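Here is the structure we will look at, set down as structure tokens.
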Amino acid sequence: MGLQEQKRHFSVNLLEWYMINRRDLPWRRHNNPYFTWVSEIMLQQTRVDTVIPYFNRFIGNFPTVQALAEAPEEEVLKNWEGLGYYSRARNLQAAAKQVMELHGGEMPQDKQSVFALKGVGPYTAGAILSIAFNQPQPAVDGNVMRVLSRYFLIDEDIMKGSTRVLMEELAGELIPEGRARDFNQALMELGALVCTPKAPHCLTCPVMEQCSGRIAGRELTLPVKTKAKPPRPEQRLVALVEGRGAHRGRVLVRQRPETGLLARMWELPHVLAAPAAAGKAAAPLADEPAMALLAGSLWAEGFAARPEGLATHAEHVFSHIVWSLQVYKCTEQDQSSELPLIAAEARAAYDAQAASQAEAAPAAESSASTAARAAQEALTGKGDGLTYQWIGPEDMEKLAFPNVFLKLLRNYFAGAYDEATE
DNA sequence: AAATCGGGGAT
DNA sequence: ATCCCAGATTT
């Protein structure tokens, strides 16, 4: 059997299978290029089942490119809350403004213009052009690389950029005349439903007969993929500061910087407790030094608070970092004469910790120096631009929080930490 | 080429 | 625990 025949067998049988087995998904119900675009951005590194409710709400709130372009950014971010990779949301809105200004609010149909949209890379450009406009462009994602590497027995490491290019050439050749829209989705559908990573359902696969990987008994060892580096552990101390007086019933939160991790998301104030030794678990810090460090950190940011005790632990796993959080319930302090003394002691503990971090772990120098600079700037009145705010339960509806802080705050407002420390 | 950027579901 | 998901962007 020749390669050309193997390719034709694949395309014909896969397409036939898809027309019978395609899932009914919200973004497949209308041929709306904007819907296709939004769905493809949401689906980056995210499962279909996770995306569905987010997609429906997002389209309900921002039904057109114009509506998205004109919405307040915080509202867009709030609609993305919990979905992760938040730069996708900001890039999507920035791109909506691009579409308004450069293309009169209509999705462009040429490859150059689509690819030029923020947040649209090789995969998403191909997906939009093929699914929305039925153009014969390949859309190679993780599913497609897995399916093709198995069917054609391709041993190249799919983590390499050159492999993706190779796969795109192959995927482009496989598209049946005039059927790009259905075929590209069929390829991904097969990867999601049948040709799965761990235990592929070869017996129900429409192209099993000519699958080179399966014939060679390699279906479980393909695709070849280099392992990702394990995430570095970080021990962090979190402050749940209860307001008093004018802030009674409210909690202190802050907004993260415009760039980097969880950009522009809101969070409980926290500080890095210990530099992460590469590959080793971060050790919890004893309560006494932890509370001193936390009080000093808050004071450096301009807030007087007394840590009362440990409220709870939490963990937050990113692709490249693991946060182990020690959450301390704190109380906002009155303006009293003894306050500066308490704060000064806490500040000393904080500075000592920052200095020891810089000395003991060059790898963590950046974090330590950042903390030290923040403390210095707070003293000199410069500040680093972080926005702080006292919020009540009702404010949770407007501000976007990463899931870990969302859960902590909901638990707090539900009274979950009342008993533990009082 | 390697690192950064979330969160969760499946195994 | 480990993998990896309809990846893009920055370094």
Side-chain angles (χ1 to χ4, degrees), chain A residues 22-23 25-28 35-55 77 80-92 94-95 114-128 130-132 138-147 157-164 167-168 171 181 184-193 195-201 220 223 225-232 256-257 259-265 267 281 314-323 366 400-407:
Chain A
R22 75 193 289 266
R23 288 172 289 180
L25 302 174
W27 45 90
R28 286 180 177 167
F35 290 4
T36 301
W37 178 27
V38 171
S39 72
E40 289 302 336
I41 299 299
M42 285 188 172
L43 285 163
Q44 289 169 3
Q45 296 292 286
T46 311
R47 285 176 174 25
V48 165
D49 290 341
T50 303
V51 166
I52 289 175
Y54 281 91
F55 175 84
L77 212 51
W80 213 271
E81 181 182 68
L83 198 52
Y85 287 137
Y86 299 98
S87 65
R88 291 185 295 176
R90 293 182 289 115
N91 285 337
L92 182 59
V114 172
F115 195 78
L117 297 175
K118 287 199 174 189
V120 175
Y123 162 75
T124 307
I128 291 173
S130 61
I131 297 173
V140 174
D141 67 345
N143 284 313
V144 173
M145 294 218 265
R146 184 173 59 254
V147 169
D157 186 347
I158 64 170
M159 294 299 279
K160 288 165 51 181
S162 58
T163 304
R164 199 206 71 230
M167 295 279 186
E168 284 173 347
R181 170 179 295 136
N184 280 358
Q185 292 182 87
L187 204 40
M188 295 186 278
E189 198 90 331
L190 187 74
L193 300 181
C195 197
T196 48
K198 296 285 182 60
H201 308 99
L220 294 179
K225 184 179 182 182
T226 57
K227 276 189 293 190
K229 237 177 60 176
R232 68 173 182 274
R256 296 180 61 87
T259 59
L261 186 67
L262 301 170
R264 296 189 194 180
M265 301 289 283
E267 64 180 6
E315 190 169 74
H316 198 47
V317 181
F318 303 89
S319 302
H320 56 308
I321 309 173
V322 179
W323 278 356
S366 171
F401 293 88
N403 262 5
V404 63
F405 294 115
L406 202 56
K407 290 173 183 172

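In what follows, chains carry the letters A, B, and so on, assigned in the order in which the sequence lines appear, proteins first and then strands, with residues in each chain numbered from 1. Keep in mind the model is a prediction, meaning the values are calculated, not measured.
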Check this one for me: any side-chain N or O of Q45(A) less than 4.0 Å away from OP1 or OP2 of dG7(C)? yes
Output yes when at least one side-chain N/O atom of R88(A) is less than 4.0 Å from OP1 or OP2 of dG6(B), else no. no
Let me spell it out: for each of K407(A) and K229(A), pick the nucleotide of DNA chain B with the closest heavy atom. Which residue's pick is nearer the 5' end? K229(A)
H320(A) side chain N/O closer than 4.0 Å to the phosphate oxygens (OP1, OP2) of dT4(B)? no
Check whether any side-chain heavy atom of F318(A) sits under 4.5 Å from a side-chain heavy atom of L262(A), and report yes or no. yes
Q44(A) atom CD is separated from dA8(C) atom P, nearest whole Å, by 5 Å
Base, sugar-phosphate alone, or nothing: which one does R256(A) contact when heavy atoms must sit under 4.0 Å apart? nothing
Taking atom P in both dA3(B) and dA6(C), what distance in whole Å separates the two? 25 Å
Integer-rounded Å distance: dT10(C) P and K118(A) NZ: 8 Å
Would you measure the distance from the P atom in dC5(B) across to the matching atom in dC4(C) and give it in whole Å? 22 Å
In whole angstrom, what separates Y54(A)'s OH from dG6(B)'s C1'? 10 Å
Check whether any side-chain nitrogen or oxygen of T124(A) sits under 4.0 Å from OP1 or OP2 of dA8(C), and answer yes or no. yes
Separation of dC4(C) P from D49(A) CG (nearest whole Å): 19 Å
Could you label the plane-to-plane angle of the H316(A) and W323(A) rings as parallel, tilted or perpendicular, counting under 30° as parallel and over 60° as perpendicular? tilted
Do the side-chain N and O atoms of Y123(A) and Q44(A) include a donor-acceptor pair separated by under 3.5 angstrom? no
Among dG6(B), dA6(C), dC4(C), the one nearest E189(A) by side-chain distance: dA6(C)
Ignoring the backbone of S319(A), work out which of dA6(C), dG9(B), dG6(B) is nearest its side chain. dG6(B)
NA contact type, G260(A), heavy-atom cut-off 4.0 Å: base, sugar-phosphate, or nothing? sugar-phosphate
Atom CH2 of W37(A) and atom C1' of dA6(C) are separated, to the nearest Å, by 17 Å
Have a look at R146(A) and say if it touches a base, only the backbone sugar-phosphate, or nothing, with a 4.0 Å heavy-atom cut-off. sugar-phosphate
Closest to the Y85(A) side chain: dG9(B), dC5(B), dC5(C)? dC5(B)
Among dC5(C), dT2(C), dA6(C), which nucleotide sits nearest the side chain of L25(A)? dA6(C)
Check whether the side chain of T46(A) and the base of dG6(B) form a donor-acceptor pair under 3.5 Å. yes
Taking only the P atom of each, what is the distance from dG9(B) to dA8(C) in whole angstrom? 23 Å
Do any side-chain nitrogens or oxygens of N91(A) fall under 4.0 Å of OP1 or OP2 in dA8(C)? no
Check every strand shown and say whether K160(A) touches a base, only sugar-phosphate, or nothing at a heavy-atom separation below 4.0 Å. nothing
Tell me whether R22(A) is salt-bridged to E189(A), with the criterion being a basic N under 4.0 Å from an acidic carboxylate O. no
N143(A) CG to dG9(B) C1', straight-line distance once rounded to whole Å: 14 Å
Does the side chain of Y86(A) get closer than 4.0 angstrom to OP1 or OP2 of dG7(B) through an N or O atom? yes
Whether the T36(A) and R181(A) side chains hold a donor-acceptor pair (N or O, under 3.5 Å, no angle test) is what I'd like checked. no
Between dG6(B) and dT11(C), how far apart are the two P atoms, rounded to whole Å? 15 Å
Just call it for R264(A): base, sugar-phosphate, or nothing, with non-hydrogen atoms closer than 4.0 Å on any strand. nothing
What's the verdict on ring-ring contact (aromatic ring centres under 6.0 Å, His included) for W80(A) and Y85(A), showing C-alpha distance, side-chain angles and the deciding distance? CA-CA 9 Å; W80(A) 213 271; Y85(A) 287 137; over 10 Å; no
Quick check on DNA chain C: between D141(A) and V120(A), whose nearest nucleotide comes earlier from the 5' end? D141(A)
When the distance from CG of N403(A) to P of dG9(B) is rounded to whole Å, what number comes out? 10 Å
Which nucleotide sits closest to the side chain of H316(A): dA8(C), dC5(B), dG7(B)? dG7(B)
For atom CE of M145(A) and atom P of dA6(C), their distance in whole Å: 12 Å
Tell me which nucleotide among dC4(C), dT4(B), dA8(C) gets nearest to the side chain of R232(A). dT4(B)
Are N143(A) and R146(A) linked by a side-chain donor-acceptor pair shorter than 3.5 Å? yes
Closest to the side chain of L262(A), out of dC5(C), dG7(B), dA6(C), is dG7(B)
